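First comes the structure, then the notes that go with it.
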Amino acid sequence: MPSLQTALPPELANNVIRLYRECLRRAKYVGHQKQNTKLLVDMVRQQFKNNKNETDPEKIQKMKDDAARGLINHILYEAEMLSGRKFSKTT
């Protein structure tokens, strides 16, 4: 079975690896604050492990977009909590 690095185009594989690392960093950060680091890190690892054999570039891009959106939402949430003001409109 080919590794992620050889099964996908290099730019896609590298982005997935960077996204994985950023998701793990964010999970550790949030987990440290909420005292559930292992649970969150395991959840991130499990999600990536469940999809590690996916080779369809469109599906991979959608999963990457979903993960990136989640990271951005968390960063905005943290910024709102620190600043005390809302950055997004709620309808």
Side-chain angles (χ1 to χ4, degrees):
M1 174 164 64
S3 71
L4 178 65
Q5 288 291 340
T6 59
L8 301 172
E11 66 280 357
L12 193 57
N14 290 337
N15 287 337
V16 171
I17 292 168
R18 272 185 281 181
L19 182 60
Y20 175 71
R21 288 178 181 157
E22 183 57 35
C23 286
L24 284 178
R25 276 192 286 273
R26 189 61 49 175
K28 289 175 185 176
Y29 173 77
V30 172
H32 180 72
Q33 290 181 325
K34 306 289 184 186
Q35 285 76 42
N36 61 353
T37 303
K38 183 173 175 10
L39 174 67
L40 292 176
V41 168
D42 287 347
M43 287 172 61
V44 169
R45 286 187 176 140
Q46 189 62 43
Q47 284 298 310
F48 276 85
K49 188 181 279 190
N50 289 346
N51 298 300
K52 73 179 181 180
N53 295 320
E54 185 61 63
T55 57
D56 180 5
E58 289 180 18
K59 288 182 181 177
I60 293 170
Q61 188 61 48
K62 184 185 179 326
M63 289 185 279
K64 283 173 45 182
D65 291 345
D66 291 346
R69 193 175 303 109
L71 288 173
I72 290 167
N73 286 342
H74 181 263
I75 291 168
L76 285 173
Y77 172 78
E78 287 292 318
E80 287 175 355
M81 297 304 290
L82 289 173
S83 71
R85 54 183 271 246
K86 294 267 287 169
F87 295 110
S88 59
K89 293 182 188 178
T90 47
T91 55

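Note that this is a predicted model, so its numbers are computed, not measured.
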Of the non-hydrogen atoms in [X] and [Y], which two are nearest, and what is the gap between them?
| X | Y | result |
| --- | --- | --- |
| Asn51 | Met63 | CG-SD, 3.4 Å |
| Ala27 | Val44 | CB-CG2, 3.9 Å |
| Lys28 | Val41 | CG-CG2, 3.6 Å |
| Thr37 | Gly31 | OG1-C, 3.0 Å |
| Glu54 | Ile60 | O-CD1, 3.3 Å |

- [ ] Any chance you could measure Arg18, atom CZ, to Cys23, atom SG, to the nearest 0.5 Å?
- [x] 13.0 Å
- [ ] Working to the nearest 0.5 Å, report the span between OH of Tyr20 and CD of Gln47.
- [x] 11.5 Å
TODO: Report yes if some heavy atom in the side chain of Arg45 is under 4.5 Å from a heavy atom in the side chain of Leu24; otherwise report no.
DONE: yes
Open item on the list: Under a 4.0 Å threshold between the charged nitrogen and the carboxylate oxygen, would Asp66 count as salt-bridged to Arg69?
Closed with: yes
Open item on the list: Is it the case that the side chains of Asn50 and Gln46 hold a donor-acceptor pair, with the cut-off being a distance below 3.5 Å and no angle test?
Closed with: yes
Task: Gln33, Arg25, His32 screened by side-chain hydrogen bond (donor to acceptor under 3.5 Å, both in side chains) with Tyr29, the one that passes - done: Gln33
